[in-house]
Student: 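Attaching a single structure in structure tokens format; questions to follow.
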Amino acid sequence: MNKRVHYQPNLIYSDGTQVVTVRDIIGANGRTQHPRGSVGVVVRAPRDLDHSYRVKFPDGAEVALKADELTLLAQFKEGEIGNSEINANRSDLFSRVIFKCIIGSRAFGLEDEQSDTDYRGVYLPPAELQWSLYGVPEQLDCHESQETYWELQKFLVLALKANPNVLECLYTPLVEQVTPLGQELLDLRDIFLTRIVYQTYNGYVMSQFKKMQTDIKNQGKVKWKHVMHLIRLLISGITLLREGYVVVDVGPHREQLLAIKRGEVAWEETEKWRKSLHKEFEQALEQTSLPARPDYETANHYLIKARRLATQKELP
């Protein structure tokens, strides 16, 4: 994957930052003092973007420039290299989806009349786009239809790290579309199940509950839907370590989880359940037969095969 210079439009460049002018700098005599593309150094940053930078050029001249009159030197040199939006705009990458499924509340068995249908999956870009200077997006999003598709390599990396959303994609029973190559990925799904699940799931839940405790203290409330999904995640992780399988539907825990979502369960009672689940998670880790690490080689062989198939015109 190509990595571009990280750019934040509201970032204020600090003193000493090298910048490039995006317009000609005209001197008092009406002549061009420094042409567009000149390199300078910020010697005084503004307190906000409504005020000007003070920029010094190699000849010693200093000029006041607004934020829209300059850009980072590193970003200027980079140009369009690695700008995956170029390929995204030129091609219909949504037509390259090899696997599409439904996750979220509908897959968990926790939907209600307000629930959206969340589509997730994987896409395989054509080889010529993958190999180009611009690269391809790691993720395709269509907010109107609640669709998100990861580029195959990104998906595999997330799966190898035991990302919960990705693992749930591989095990949801609600599969909407799958090509032969996508089916091969589903057939390989067990290679991603490891003890890393404990660190990923457990660590995330603990960090989120710590933030919620701060919210309770400062605001007196939390987002109960988020609390519900964190508890669900712990239950899922425990089951995964014990059974070696990602159980997506919450089954017998449905009513208790929905009660949390509705705010009908006291915070103290929810905390008690959470702590109990953490202990179960530790016990499951001690007893699990899952390997410590995923099968990187098999995942790598699959990716290389997919890259070769991406040279073909037809979607594999």
Student: What distance do S289 atom OG and R195 atom CZ have between them, rounded to the nearest 0.5 Å?
Tutor: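 S289 OG to R195 CZ: 8.0 Å, rounded to 0.5 Å.
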Student: Indicate whether the side chain of D215 and that of Q213 have a donor and an acceptor atom separated by less than 3.5 Å.
Tutor: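 The criterion, which ignores hydrogens and geometry beyond distance, is not satisfied for Q213 and D215.
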Student: Ring of Y171, cation from R189 - is the NZ or CZ under 6.0 Å from the centre and inside 45° of the axis?
Tutor: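 Yes, a cation-pi geometry.
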Student: Check the surroundings of atom CZ in R308: do more than 12 heavy atoms from other residues, nucleotides or ligands lie under 6.0 Å from it?
Tutor: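 For R308, atom CZ is not crowded (no more than 12 foreign heavy atoms under 6.0 Å).
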Student: Where do T21 and R36 land on the side chain to side chain donor-acceptor pair (under 3.5 Å) test, with the steps shown first?
Tutor: CA-CA 5 Å; T21 61; R36 187 175 74 170; over 6 Å; no
Student: Can you tell if the side chain of F192 reaches within under 4.5 Å of the side chain of L156, non-hydrogen atoms only?
Tutor: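 SC-SC contact between F192 and L156 confirmed.
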Student: Do other residues, nucleotides or ligands put more than 12 heavy atoms under 6.0 Å from the CZ atom of R254?
Tutor: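 Yes.
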Student: Could you walk me through whether D24 and H34 pass the side chain to side chain donor-acceptor pair (under 3.5 Å) check?
Tutor: CA-CA 6 Å; D24 294 337; H34 298 96; over 6 Å; no
Student: With rounding to the nearest 0.5 angstrom, report the CD to NE2 distance, Q208 to H229.
Tutor: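 Reported value, rounded in 0.5 Å steps: 13.0 Å.
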Student: Given S115, which of D112, D118, T117 fulfils the side chain to side chain donor-acceptor pair (under 3.5 Å) condition?
Tutor: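 When D112, D118, T117 are each tested with S115, the side chain to side chain donor-acceptor pair (under 3.5 Å) holds only for D112.
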Student: Run the salt-bridge test on R120 and E168 with the 4.0 Å N-O cut-off and return the result as yes or no.
Tutor: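 Judged by the 4.0 Å cut-off on N to carboxylate O distance, R120 and E168 do not form a salt bridge.
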Student: Test: ring-ring contact (aromatic ring centres under 6.0 Å, His included). Region: residues 289-316. Which pairs qualify, not counting sequence neighbours?
Tutor: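 Those involving residues 289-316 do not exist here.
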Student: Rounded to the nearest 0.5 Å, what separates atom CD in E243 from atom CG in L193?
Tutor: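 The distance works out to 12.0 Å.
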Student: State, yes or no, whether a side-chain contact exists between I12 and L49 at a heavy-atom distance under 4.5 Å.
Tutor: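 In contact.
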Student: When rounded to the nearest 0.5 angstrom, what distance separates NZ in K279 from CG in L277?
Tutor: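 The CG atom of L277 is 11.5 Å from NZ of K279, to the nearest 0.5 Å.
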Student: Check for me whether the distance between the ring centres of F94 and Y123 falls short of 6.0 Å.
Tutor: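 Between F94 and Y123, the centre distance exceeds or equals 6.0 Å.
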Student: Taking the six-membered ring for Trp, are the ring centroids of F99 and W150 within less than 6.0 Å of each other?
Tutor: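 Judged by ring-centre distance (under 6.0 Å), F99 and W150 do not meet the cut-off.
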Student: Who passes salt bridge (charged side-chain N to carboxylate O under 4.0 Å, His left out) against R96, sequence neighbours left out?
Tutor: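 Here no residue qualifies.
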Student: Taking the side chain as every heavy atom from C-beta outward, state whether W273 and E271 have any pair of such atoms under 4.5 Å apart.
Tutor: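 A side-chain contact under 4.5 Å is absent here.
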Student: To the nearest 0.5 Å, what is the distance between CD (Q287) and CZ (R242)?
Tutor: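 Separation between the atoms: 7.0 Å.
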Student: If you count the non-hydrogen atoms of other residues, nucleotides and ligands that lie under 6.0 Å from NZ in K56, is the total more than 12?
Tutor: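 Check fails, neighbour count at 12 or below.
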